[in-house]
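Worksheet: the structure to be examined is printed underneath.
Numbering of ligands and ligand atoms starts at 1, following listing order.
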Amino acid sequence: MRVVFVCLGNICRSPTAEGVFARMVRDAGLADRVTIDSAGTGDWHVGELADPRTRAAAKRRGLELTHRARQFTRADFTRFDLIVVMDANNLRDVKRLDAPLSAEVRMLRSFDPEAPVDAPVPDPYSGGEAGFEEVLDLCERACAGLLEHVKSRLRA
Ligand code: 4NP
């Protein structure tokens with residue numbers, strides 16, 4: 001099973017989700033059965049490590065983020081089984097690529113049973129420190145649900 005997280009810049013939200021989910025998958029003993037990556041719909045930060053504020057927040061929870069930003073492409077629809085976006089703009093931009101209907105596309109917080117319908121992971125880039133902590137909180141909650149979803153797809 002191959003999962004890719006997608007946001008706008010690929011330096012804040014999706015590398016965070018990637019790191020959080022990779023740890024959960026590893027702890028569940030499923031690392032050899034689940035491939036995890038992230039990408040951005042935009043190309044401004046390609047090749048860069050995650051934003052220093054994102055990396056600092058992750059590090060406070062024991063997560064080292066080493067991903068280098070890359071842009072999401074049409075080919076990712078066939079390279080991944082599940083495309084997990086952060087907000088409605090990501091969803092629109094991904095769908096605009098007019099991809100073949102193979103991969104499943106979902107908003108991350110749709111995997112959190114407590115989250116409102118269509119709730120986004122808000123972009124923390126232009127805000128303060130608290131926004132980066134919130135991204136981690138939201139990713140941790142939603143990734144727990146995502147793990148159950150992935151387990152059931154692995155069983156199917
Ligand atoms: P991300 O945050 O989509 O969570 O990585 C952003 C990072 C950079 C920009 C926008 C959002 N930017 O406009 O450069």
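A salt bridge is defined here as a Lys NZ or Arg NE, NH1 or NH2 lying under 4.0 Å from an Asp or Glu carboxylate O, and Arg23 with Glu64 fails to meet this definition. Under 4.0 Å is where a charged nitrogen must lie from a carboxylate oxygen, and between Asp76 and Arg2 no such pair does.
Annotation: atom 10 (C) of ligand 1 to nearest protein heavy atom, Leu8 CD2, 3.6 Å. Atom 1 (P) of ligand 1 has Cys7 SG, 3.5 Å as its closest protein atom, hydrogens excluded (heavy atom only). Of all protein heavy atoms, the one lying nearest to atom 11 (C) of ligand 1 is Asp123 OD2, 3.1 Å.
Proximity of a side-chain donor or acceptor of Arg106 to a complementary backbone N or O of Val84 within less than 3.5 Å is not detected. In this structure, Asn10 contributes its side chain and Arg70 its backbone to a donor-acceptor pair below 3.5 Å.
Each of the atoms 5 (O) of ligand 1 lies under 4.0 Å from some heavy atom of Asn10. Each of the atoms 1 (P), 2 (O), 4 (O), 5 (O) of ligand 1 lies under 4.0 Å from some heavy atom of Cys12. In the vicinity of Ile11, heavy-atom distances shorter than 4.0 Å reach the ligand 1 atoms 5 (O), 7 (C), 8 (C).
Of the polar atoms of Gly9, at least one N or O is found under 3.5 Å from an N or O of ligand 1, judged by distance alone. Considering backbone and side-chain atoms together, Arg13 places an N or O closer than 3.5 Å to an N or O of ligand 1.
With a heavy-atom cut-off of 4.0 Å, Asp51 does not touch ligand 1 at all.
For His45, the heavy-atom gap to ligand 1 drops under 4.0 angstrom.
Taking the ring axis of Tyr125 as reference, the NZ or CZ atom of Arg53 stays within 45° of it and closer than 6.0 Å to the ring centre.
Around the CG atom of Asp118, the shell of radius 6.0 Å holds no more than 12 heavy atoms that belong to other residues, nucleotides or ligands.
A donor-acceptor contact closer than 3.5 angstrom is absent between the side chains of Asp93 and Asn90.
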